[in-house]
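Have a look at the structure below, then the notes.
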Amino acid sequence: MKHRVFFWFFLPTGLAMFFFIAMPIISVVSQSIFTPHEAVLKTVKNCDPFGCKEVISIDHEATENLRQEQPFGRFVGLGIYFDRGHLAINEIAGAWSMSDSWTVFFSKLGNLPFYRAMTFTLTFTFVVTPMVIGLGLLIALTVNALHAKIRGLVIFFSLLPFVITPLIGALVLFWMIDSRGILGGALQWLLSDPNLSLKASTGLMWTSLIIYGIWHAAPFAFVIFYAGLQTLPMDQIEAAEIDGATRLQRIRYVVIPHLMPLVTFVALIQLMDNFRVFEPIVGFNAAAHATSLSWFIYNDLGGETRQLSSASASSVLTIVGVAILLIPVLLRTWRDFKSKV
Amino acid sequence: MSYRVLKQPIGLKITIYLFATIWVIIAAFPFLWTAWGSFKVELDFFSIADWTYAITGERTKIEHNSAFTSAGYKGAWIKESFYKNVFNTFIICFFVVCTSLTIGTLGGYALSRSNYRYTFILLITALIFRAMPPITLVAGYMLPFFHWNVWGIMPTTIIVLVAINQPFTLWMLHSFFQNIPKELDESAKVDGCTQFQAFRHVIIPVMWPGVITTGLFSFLLAYNDFAVTAMLLSEDNRTMVPQVAAFLGTTYTEGNIMFAVASVVSATIPLFILVMFFQRQIVSGLTAGAVKG
């Protein structure tokens, strides 16, 4: 395709992405290094019959002028990044010099909101992703061994947790795990602890969120692997069987290597999607026990006081996190492309 | 397909069917349970006294003389005007799907028929955009949208959702178009068509399966979005999902939670129907990107 023709074909989508993805990134970065102007204060002498007092008040005119002159706000550089709400450099240094062991240091780290969010996000990402791949593979192998007539039905029900709106899926599960719901009640009965409640236990909350993550994403992995199983080289399987390979060995040495490219694909998508975990935290009302980076930004943006600078700094840090996560994949794709050209 | 080599011993067969049954229950039971419970009163669905109340509806019988009540639905749809949110959702989804397919097909087609280095860079950029959590962009929208006075209205949200969906749409359509042989439009060009005419008369008639599948996923992305719609829409223009969240957030009054349960069930029904009719397309769409690698 000629460059000119390509340009016109690509223009609409390119413009959409430029104005609503690329520009916002720039605006987020610029917001994170500027902060709104503080009100200009002036000292006025108020005199009454009992004497004169100096009163400090807001100079509205001067504040307005300042805002007009520098619409971006006050330049603070990386100040917001290093404050207590984000990377908390001072607090970390303090905790480092005060703590005599790693456990103390990490527990202090857990009290800082940004690190708390990051810990949960990373835990969630790196627990859910492998579990989803494992469970998805198991379901795919199972469904593939079912009678052909009922496979369609199983796939239909399997797709439901995946297509469901994340917030709604989270609520549906949450209402069941709630201490007054059926699963929560069953759990209380099983562990004979009538006070056991999702709202009171951090461990239980983390586990439930992770279970939700697996429940939501396993169908995705399942469908991909199931499609891969349909293209399985039957002659290889037969050859392996003739060579005396057991069922497990056939899976281990023929099926799984055949599915390996798909495993990489699912892992990539899952890393990206789990890193943005957000809705379940709202749905489970989990903020007291677990927060994620996305929730952290959402929390700053919502409410009466929209803390745009703080939210922007968290956004930039999150984008950096995504970039670090993607680097290995990008390098590999780049090398593949180079070798193809 | 013959599975002669996979003949199963009876023990394995039982395990397989047992596991499949358990999985189906895990996948589907929560929805069934919630749908059943949405016709009960709160003290039954969240029963402290006895969990079987949620099935039999003892309290519901006392309050409404019947084991089923549509109080939750009435409250949500009539008292809280949930129908407005449903209407908004479908308006937004319709325009998002149409716009993103129109500009996405053009872009995806161009990407699949071009082999320069910038094609690759554009695709990788799209992948990076796809990886970014949408909420990270929202902070960047706020100030300009307030400044231009376009915050809170539906067209803004539609454009934002279209843009956020583009990277995904491009990748998906790109892989569909690569499966349509290049010889098709090249021979049209040899016969004297311009690139656009070749696209218009040769490619569009054969591209529908891919476009429908991509459209389904665009629809799902718009329908399921919470981060963008919750932050960018004013209260009057809210879609279903932020409204459900709002039901939970309002000060606690008895029965209010049942509004949320009823609206959750209502919002699930369109998705249920979608999977029922488009199961094949959803499966093929999921695998389209994967098999290409």
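- Applying the ring pair (Phe, Tyr, Trp, His ring centres under 6.0 Å) rule to A:F18 yields no partners; only residues at least two apart in sequence or on another chain are considered.
- Between B:F226 and A:Y298, the two ring planes are tilted [angle within 30° to 60°].
- Looking at heavy atoms from C-beta onward, B:V241 lies out of side-chain contact with A:P166 at the 4.5 angstrom threshold.
- Ranking B:T119, B:D185, B:L143 against chain A, the residue ahead of the rest is B:L143, based on heavy-atom pairs under 4.5 Å.
- Between chain A and the options B:A230, B:A267, B:A131, the largest number of non-hydrogen pairs under 4.5 Å is found for B:A131.
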>> I'd like to know whether B:F31 forms a side chain to side chain contact (heavy atoms under 4.5 Å, CB included) with A:I164, so could you lay out the CA-CA distance, the side-chain angles of the two residues, the decisive distance to 0.1 Å, and finally the verdict.
In response: CA-CA 10 Å; B:F31 299 107; A:I164 192 72; 3.6 Å; yes
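- Between chain B and the options A:I139, A:L167, A:V5, the largest number of non-hydrogen pairs under 4.5 Å is found for A:I139.
- The backbone N or O of A:S315 lies less than 3.5 Å from no partner atom in the side chain of B:T136, so there is not a single donor-acceptor pair.
- In terms of non-hydrogen atom pairs under 4.5 Å with chain B, the most contact-rich of A:V322, A:I168, A:I182, A:L326 is A:I182.
- The candidate from A:P161, A:A22, A:A16 with the greatest count of non-hydrogen atom pairs under 4.5 Å with chain B is A:P161.
- Nearest heavy-atom pair across B:A139 and A:L308 is O-CD2, 4.2 Å.
- Taking CD1 from B:I135 and CG from A:L301, the interatomic distance works out to 6.0 Å, rounded to the nearest 0.5 Å.
- In this structure the side chain of A:M176 reaches within 4.5 angstrom of the side chain of B:F29, judged on heavy atoms.
- B:F278 does not touch chain A: none of its heavy atoms, backbone or side chain, sits under 4.5 Å away.
- The distance from the CG atom of B:L248 to the CG atom of A:N285 is 8.0 Å, given to the nearest 0.5 Å.
- Taking the side chain as every heavy atom from C-beta outward, A:T165 and B:M240 never approach each other to under 4.5 Å.
- Of the two parts of B:F45, the backbone and the side chain both hold a non-hydrogen atom closer than 4.5 Å to a non-hydrogen atom of chain A.
- To the nearest 0.5 Å, atoms CZ (A:F220) and CD1 (B:I282) are separated by 13.0 Å.
- Looking at B:F199, the atoms closer than 4.5 Å to chain A (heavy atoms on both sides) all sit in the side chain, from C-beta outward.
- The aromatic rings of A:W175 and B:F46 sit perpendicular, their planes meeting at an angle over 60°, well past the 30° parallel limit.
- Across A:M17 and B:A163, no two heavy atoms sit closer than the pair CG-O, 4.3 Å.
- By number of non-hydrogen pairs under 4.5 angstrom with chain B, the leading residue of A:V172, A:L15, A:V29, A:I21 is A:I21.
- Note that CG of B:L32 is 8.5 Å distant from CZ of A:F157, once rounded to the nearest 0.5 Å.
- In this structure the side chain of A:M23 never reaches within 4.5 angstrom of the side chain of B:P144, judged on heavy atoms.
- Residues B:P133 and A:T318 approach most closely at CG-CG2, 4.0 Å, considering heavy atoms.
- Scanning all heavy atoms of the two residues, the minimum distance from B:A27 to A:S158 falls at CB-CA, 4.3 Å.
- The most heavy-atom pairs under 4.5 Å with chain A, out of B:I159, B:V265, B:D225, B:V162, come from B:I159.
- For A:L138, the parts lying near chain B are the backbone and the side chain together; criterion is any non-hydrogen pair under 4.5 Å.
- In this structure, the side chains of B:V283 and A:Y226 stay at 4.5 Å or more apart for every pair of heavy atoms.
- Annotation: B:Y109 is not in aromatic contact with A:W8 [ring centroid separation under 6.0 Å not met].
- A:S32 pairs by the side chain to side chain donor-acceptor pair (under 3.5 Å) definition with A:Y81, not counting sequence neighbours.
- The aromatic rings of B:Y116 and A:H3 lie tilted to each other, with the angle between the two planes from 30° to 60°.
- Contacts of A:V282 with chain B are made by side-chain atoms alone, with heavy-atom separations under 4.5 Å and no backbone atom involved.
- Neither the backbone nor the side chain of B:L274 comes within contact range of chain A; no heavy atoms are under 4.5 Å apart.
- When each of B:Y141, B:F120, B:Y223 is scored by its heavy-atom pairs under 4.5 Å with chain A, the top score falls to B:F120.
- For the pair A:T13/B:L170, a side-chain contact is recorded, criterion being any heavy-atom separation below 4.5 Å from C-beta on.
- No side-chain heavy atom of A:K2 sits less than 4.5 Å from a side-chain heavy atom of B:S114.
- For the pair B:R130 and A:D273, the salt-bridge criterion is met [side-chain N within less than 4.0 Å of a carboxylate O].
- Residue B:F145 touches chain A through its side chain alone, counting heavy-atom pairs closer than 4.5 Å.
- Here the straight-line distance linking atom CD of B:Q279 with atom CG of A:L159 works out to 6.0 Å at 0.5 Å rounding.
- Within the model, atoms CG of A:L171 and OG of B:S263 stand 9.0 Å from one another, a figure rounded to the nearest 0.5 Å.
- A donor-acceptor contact closer than 3.5 angstrom is absent between the side chains of A:T142 and B:W23.
- Options B:T15, B:V160, B:I26 differ in how many heavy-atom pairs under 4.5 Å they form with chain A, and the most are formed by B:I26.
- Neither the backbone nor the side chain of B:F168 comes within less than 4.5 Å of any heavy atom in chain A.
- Closest approach of B:Y17 and A:H147 over heavy atoms only: OH-N, 3.0 Å.
- Side-chain atoms of A:F10 and B:L122, non-hydrogen and from C-beta on, do get closer than 4.5 Å to each other.
- With chain A as partner, the option from B:T102, B:V264, B:I164, B:T268 having the largest number of non-hydrogen pairs under 4.5 angstrom is B:V264.
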